[in-house]
Amino acid sequence: MDEFDLINSITPRTIHHSSVDVGIGDDAALYTAKNGVQEIVCVDTMVEDVHFKLSYSSPEDIGYKALAINISDIAAMGGIPKFYLVSLAVPLKWTESEIKAMYEGMNELAKLYCMDLIGGDTVSTSDKLVVTVTVIGEVEKGRACLRSLAKPNDIVFVTGEIGSSAAGLSLLLKESSHPETSFETNYFINRHKRPQPRVSVGRLCSNAQRVALNDISDGLASELHEIAESSSVSIEIDESLLPVHPDLPKLNSKWKEWALFGGEDFELTGTISKEDWDVLEQECCRLQLPIKKIGCVREKTESNVILKTEEETMTLEKKGYNHFK
Ligand SMILES: Nc1ncnc2c1ncn2[C@@H]1O[C@H](COP(=O)(O)OP(=O)(O)OP(=O)(O)O)[C@@H](O)[C@H]1O
Ligand SMILES: Cc1ncc(C[n+]2csc(CCOP(=O)(O)O)c2C)c(N)n1
Ligand SMILES: [Mg+2]
Ligand SMILES: [Mg+2]
Ligand SMILES: [Mg+2]
């Protein structure tokens with residue numbers, strides 16, 4: 001395999017945005033930014049055996065997810081994803097067609113969002129695959145949904161359902177099993193391998209006056225802690241309101257742990273004023289985008305996040321995925 005032939009072969013033949021002045025082929029990409037918009041930039045890495053295993057992930061799956069998790073960060077700012085760059089450290093045993101398949105997985109999503117691949121970097125490595133994706137997006141000036149924007153009396157919401165990705169991972173790692181390979185198990189596995197970033201909901205949030213927003217990578221509890229810390233408020237959620245797939249409790253008695261601390265659902269969680277919540281909920285309903293109220297924001301107390309269950313009201317720990325714990 002030749003590095004330069006590889007780069008040539010993954011260079012897109014068409015460009016969606018005429019604002020791209022120089023894409024792949026020079027030292028860096030160049031694009032013309034518009035007035036009245038703020039540029040959003042994020043980067044996230046996926047590492048073999050930390051974020052996925054080759055025993056169950058195809059190259060397409062890996063590419064898809066590496067881009068999806070970054071689009072999710074743009075969604076969590078209320079933005080529109082536009083460009084992406086891909087940095088690869090590839091073990092020598094990978095073939096060119098496997099690498100191209102990874103780009104196919106990314107392209108599946110890029111097409112959906114009209115995103116252009118505008119650059120990256122390719123190196124070899126002796127050991128594990130490392131994929132780093134950078135995404136550039138934009139949001140109308142002053143409209144970004146920041147973690148610091150929560151205020152007391154806001155409604156706390158979450159999109160879609162939570163815990164499904166952790167269930168899928170547990171099935172893939174054979175920690176949980178289910179009689180027969182039924183439709184349901186494939187559903188959870190797919191939620192883990194192919195999360196769907198919530199760009200449309202993020203955009204609706206950016207229309208509201210003030211929305212604090214985070215995407216769920218490390219787990220609902222961890223993301224709510226980040227909003228509470230950043231906004232100097234306390235967040236109270238009601239366990240009975242957490243949206244989970246009806247089959248989740250059937251899979252494993254750990255299902256509540258999955259929902260609160262599992263992570264990688266790449267749903268959005270946030271806070272919004274009561275008045276704007278009604279509009280957001282209606283708009284989501286009209287567009288068939290699932291969203292649910294799960295709690296409310298309080299004046300800051302010693303507990304950043306509080307969980308109300310049928311039996312008790314307790315502090316919800318900042319537990320969740322942490323690379324160094
Ligand atoms: N190694 C680093 N150097 C500089 N800034 C970093 C580094 N790692 C993270 N950050 C910054 O810290 C902030 C939080 O990053 P973090 O990765 O926790 O958020 P996230 O991408 O939403 O979550 P996740 O990576 O779990 O999906 C971001 O502003 C990010 O750019
Ligand atoms: C093989 C394997 N073991 C464990 C996990 C779980 N996991 C890894 S990273 C992460 C949080 C988000 O990552 P980051 O913070 O790096 O964006 C989670 C929940 C997995 N996906 N695959
Ligand atoms: Mg990150
Ligand atoms: Mg995030
Ligand atoms: Mg993380």
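We count ligands from 1, going down the list as the structure has it; atoms in each ligand are counted the same way.
Side-chain atoms of Asp116 do not come within 3.5 Å of backbone N or O of Ile118 as any donor-acceptor pair. Listed for the Glu3 side chain is no donor-acceptor partner under 3.5 Å among the backbone atoms of Val123.
In this structure, Tyr56 counts as a contact residue of ligand 2, since one of its heavy atoms falls inside 4.0 Å of the ligand. At least one heavy atom of His192 sits closer than 4.0 Å to an atom of ligand 2. Ligand 2 lies nowhere less than 4.0 angstrom from a heavy atom belonging to Gly219.
Residue Gln288 qualifies as open at atom CD: its count of foreign heavy atoms under 6.0 Å is 12 or below. At most 12 non-hydrogen atoms from other residues, nucleotides or ligands lie less than 6.0 angstrom from CD of Gln196.
Ring pair Phe157/Trp277 is parallel by interplanar angle, where below 30° counts as parallel and above 60° as perpendicular. Using bins of under 30°, 30° to 60° and over 60° for the plane-to-plane angle, the ring pair Tyr187/His245 lands in the tilted bin.
Of the protein's non-hydrogen atoms, the one nearest atom 18 (O) of ligand 1 is Glu226 OE2, 4.7 Å. Of the protein's heavy atoms, His323 NE2, 3.5 Å lies nearest to atom 14 (P) of ligand 2. Looking at atom 21 (N) of ligand 2, its nearest protein heavy atom turns out to be Glu264 OE1, 2.8 Å. Counting only heavy atoms of the protein, atom 5 (C) of ligand 2 lies nearest to Leu169 CD2, 3.4 Å. Taking atom 3 (N) of ligand 2 as the reference point, the nearest protein heavy-atom neighbour is Val50 O, 3.5 Å.
There is no protein heavy atom less than 4.0 angstrom from atom 5 (N) of ligand 1. Taking a distance limit of 4.0 Å, we find that atom 29 (O) of ligand 1 is approached by no protein heavy atom. For atom 10 (N) of ligand 1, the protein comes within 4.0 Å by no heavy atom at all. Of the protein's heavy atoms, at least one falls inside 4.0 Å of atom 21 (O) of ligand 1. Distance check on atom 25 (O) of ligand 1: some protein heavy atom falls below the 4.0 Å cut-off.
Residue His51 has at least one nitrogen or oxygen atom sitting less than 3.5 Å from a nitrogen or oxygen atom of ligand 2, judged on distance alone. For a threshold of 3.5 Å applied to N or O pairs, the pair formed by Asp218 and ligand 2 contains at least one separation below that value.
The nearest non-hydrogen atom to atom 23 (O) of ligand 1, considering only Gly320, Ser222, Ser217, Gly219, comes from Ser217.
Within the 4.0 Å heavy-atom criterion, the part of Arg147 lying near ligand 1 is the side chain and not the backbone. Only the side chain of Asp73 comes within contact range of ligand 1, with a heavy atom under 4.0 Å; no backbone atom does. With a heavy-atom cut-off of 4.0 Å, Asp44 touches ligand 1 through its side chain alone.
Using a 4.0 Å cut-off between charged side-chain N and carboxylate O, Glu60 and Arg194 make no salt bridge. The pair Lys82-Glu39 fails the salt-bridge criterion, with no side-chain N (NZ, NE, NH1 or NH2) lying under 4.0 Å from an Asp/Glu carboxylate O. Using a cutoff of 4.0 Å between basic side-chain nitrogens and carboxylate oxygens, Glu257 and Lys319 are scored as salt-bridged. Ionic pairing of Glu267 and Arg191 is present here: one or more N-O contacts between side-chain nitrogen and carboxylate oxygen are shorter than 4.0 angstrom. Under the 4.0 Å criterion applied to side-chain N and carboxylate O atoms, Arg210 and Asp276 are not assigned as salt-bridge partners. Salt-bridge check for Lys100 with Glu96: passed, with a basic side-chain N closer than 4.0 Å to an acidic carboxylate O.
Near Asp218, the atoms of ligand 1 lying under 4.0 angstrom from a non-hydrogen atom of the residue are 26 (O). Those atoms of ligand 2 with a heavy atom of Gly262 less than 4.0 angstrom away are 19 (C). Those atoms of ligand 2 that come under 4.0 Å of a heavy atom in Ser217, given as number and element, are 11 (C), 12 (C).
For the residue pair Thr315 / Ser303, a side-chain donor-acceptor distance below 3.5 Å is found, with atom types taken as modelled. Side chain to side chain, Thr32 and Asp21 meet the donor-acceptor criterion of an N or O pair below 3.5 Å.
With Cys145 as reference, Val211 is the one residue of Asn214, Val211, Leu268 to meet the side-chain contact (heavy atoms from CB on, under 4.5 Å) rule.
You'll find the side chain of Lys318 reaches within 4.5 Å of the side chain of Glu229, heavy atoms only. Side-chain contact between Phe188 and Asp247: present, with at least one pair of heavy atoms (C-beta onward) separated by less than 4.5 Å.
Neighbours of the Mg ion (ligand 3) restricted to protein N, O or S atoms under 2.8 Å: the count is 1.
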